[in-house]
Amino acid sequence: MRADLLTDAVDGLDEALAAVDAFDEVLVAGLLRPQPAQAGGLVALADAVAGTPLASRVAEAAEKAAAGAAGEDHFVALAAARTALLGSVHDALADRAEEATGRPRAEESAEGAGASGDGAEHAVNLHAAARSWLCDLARAGWRGIDHELVAGAAPVVSAMLPDPALRRLATLLDGFAAELAASCPGAALERVPERRWADLWSRAMLLTLPGAALAPAMGEATGRLLPIGVDVQEHATAVQAQVHAVFEPSDGGAPRLVRASVSAPKPDTVVGAGLWQLLRPHMSLLTAVGEGRVMDVEAMPVTAEGDLIWDDARARMGEPAEIFATARVALPAATAFPVSPLDRHPARIAVPVLLEGYAVEEDDGTVAFQVAGQRIPVDTDRVPAAGPLTPEAVASSAACIGLLRWDAGEFLLQPLAVERTVRKKAVAVHAGAWAGGTTDKAGVRAEKAATDAVKVLRERAGKLLRK
């Protein structure tokens, strides 16, 4: 790996992020009665997209917004400019990451395909209602939100949820409104999550446009799937496991980097290795990950962005495959799928990499790898409690498979698996080792605790239903 490329400055990056930050600050106070300082933030956004196809529309939108006279079209233009800037940041960072790893990038663009199903009159009205609520938010600003304003999203979400074509936007609006409601009144907030709320606002605004939520183009994947790691994302009421893998087509085509995800609702009492009980029944790939095996897939649906729409009926367990062997042999030649325009955001960067021959730095609970004289921070906070991988294992490792991410102005590594020496023998420890079940004492205890918790909850739910 060219680790030096990960620490070198990226031309234009700071300027683009500064323009985004300036606009995000505008949304804090709102645009109902703009102040002179807010006009500066709007001008910064418009200047950042000058010379692009958005230039004239964003300049007009910035002028109207600064005067307190912005309409829906103007807010849409501002959201589009902000999204385009973060998309350019994503592309520059993704290019730098791929250059550092030496892997080729896909050059084709990811486009939607097929009918969206949202052309009906009711969908047009619902999109307009969602857009109207989002505009009211922008006028009030995050400091001006209250329960009455936030509650305006509830009828829109309720009307959208029954339509599968509208659920993507409905889910976003529902989560966004719930987060805002938990923070009301905005005037009392000690700290405003400016970047996060502006991300949610701008994405929701663009998803209200016709065609923005088109179903992604679909293909079929037939060949071998070689897992290289599992990213576990846990919330108080939900959990998701995303398997990163190398796909080798049966027709001899170039290997590709793919993902397969499974999610499940969960009670907050189910934690640690117990999470696998909720996920395992929905995706046999997790068993393959836990047992260190290949999966053979036949006509498995795959999106243009490389996400497998998992169907157990189209997959069967294959031969053993050690993940570090896969990372050393197959990963270097695997090509990533392109990213769709609306998904281009620095937070989406997650490039699978293999690091070896590094020195470990530990300082006050933080871990970093020294690779070819360059320091790469390691995000051990992302190591899940649902497997045997621990920060201590990472700190004593000699090789690491991880996801290269970008956060807080720098590239960092999220560990998925490490190789360490135990009694003069290389031993692999990975986050998904317990995905298919475990004999590890800690894992067995956690699974038993989860079983007991779920059993109690089901009994209580049954009693409530009988009443």
Side-chain angles (χ1 to χ4, degrees), residues 105-118 161 163-172 207 211-233 238-265 278-290 293-319 321 326 330-331 334-344 348 350-352 403 432 435-436:
R105 288 196 71 202
E107 295 182 359
E108 70 272 21
S109 61
E111 299 177 353
S116 66
D118 61 356
L161 282 174
D163 188 343
L166 300 178
R167 281 183 192 153
R168 183 184 185 189
L169 176 58
T171 302
L172 174 56
L207 284 176
L214 285 173
M218 298 292 292
E220 292 184 344
T222 298
R224 296 200 318 159
L225 199 65
L226 295 86
I228 55 175
V230 183
D231 180 15
V232 181
Q233 301 163 11
V239 61
Q240 174 179 272
Q242 186 175 67
V243 180
H244 291 261
V246 174
F247 170 66
E248 296 181 339
S250 59
D251 62 6
R256 306 298 296 266
L257 291 172
V258 297
R259 300 170 296 268
S261 302
V262 57
S263 305
L278 306 177
L279 299 169
R280 203 177 291 140
H282 303 291
M283 192 165 74
S284 59
L285 178 59
L286 294 177
T287 301
V289 171
R293 305 182 77 87
V294 170
M295 286 293 277
D296 295 313
V297 297
E298 179 73 31
M300 185 72 73
V302 59
T303 71
E305 294 188 272
D307 290 293
L308 299 171
I309 310 302
W310 194 261
D311 180 358
D312 274 349
R314 300 171 186 261
R316 59 184 176 84
M317 202 73 70
E319 61 193 24
T326 297
L331 183 58
T335 304
F337 279 81
V339 181
S340 66
L342 281 185
D343 289 335
R344 287 186 164 104
R348 276 290 305 269
V351 181
L403 298 176

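Quick caveat, the model's predicted, so the values are computed rather than measured.
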How long is the straight-line distance from [atom2] of [Y] back to [atom1] of [X], given to the nearest 0.5 Å?
X: Met295; Y: Leu285; atom1: CE; atom2: CG; result: 5.5 Å
X: Arg293; Y: Thr287; atom1: CZ; atom2: OG1; result: 11.0 Å
X: Ser263; Y: Gln242; atom1: OG; atom2: CD; result: 9.0 Å
X: Leu308; Y: Thr303; atom1: CG; atom2: OG1; result: 8.0 Å

Measuring only between side-chain heavy atoms, which start at C-beta, is [X] closer than 4.5 Å to [Y]?
X: Gln233; Y: Asp231; result: yes
X: Val297; Y: Phe247; result: yes
X: Val243; Y: Met283; result: yes
X: Ser284; Y: Trp310; result: yes
X: Leu207; Y: Leu342; result: yes
X: Met218; Y: Val302; result: no
X: Arg316; Y: Glu298; result: no

Of all heavy-atom pairs between [X] and [Y], which one has the smallest distance, and what is that distance?
X: Arg168; Y: Asp343; value: NH2-OD1, 3.7 Å
X: Pro301; Y: Arg314; value: CD-CD, 3.8 Å
X: Val289; Y: Gly432; value: CG1-O, 3.8 Å
X: Ala245; Y: Pro227; value: CB-CA, 3.8 Å
X: His244; Y: Ala350; value: CE1-O, 4.5 Å
X: Pro255; Y: Pro249; value: CA-CD, 4.2 Å

### Task
Evaluate the criterion side-chain contact (heavy atoms from CB on, under 4.5 Å) for residue pair Leu225 and Asp296; output intermediate values, then yes/no.
CA-CA 6 Å; Leu225 199 65; Asp296 295 313; over 6 Å; no
### Task
Evaluate side-chain contact (heavy atoms from CB on, under 4.5 Å) for Val351 paired with Leu403, printing each intermediate quantity in order.
CA-CA 5 Å; Val351 181; Leu403 298 176; over 6 Å; no
### Query
Ion pair present between Asp307 and Arg256, side-chain N to carboxylate O less than 4.0 angstrom?
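Answer for the salt bridge query: no.
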### Charged N-O contact under 4.0 Å between Arg224 and Glu248
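Salt bridge: yes.
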### Candidates Thr326, Leu226, Leu257 - the one meeting side-chain contact (heavy atoms from CB on, under 4.5 Å) with Leu331
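Between Leu331 and the candidates, side-chain contact (heavy atoms from CB on, under 4.5 Å) is satisfied uniquely by Leu257.
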#### Entry: Test item: Glu305 side-chain N/O and Ser340 main-chain N/O as donor-acceptor pair under 3.5 Å
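Between the backbone of Ser340 and the side chain of Glu305 there is a qualifying donor-acceptor contact (under 3.5 Å).
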### Task
Under the side-chain contact (heavy atoms from CB on, under 4.5 Å) rule, collect the residues that match up with Ser250, sequence neighbours excluded.
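If we apply the side-chain contact (heavy atoms from CB on, under 4.5 Å) test to Ser250, skipping adjacent residues, the hits are Thr222.
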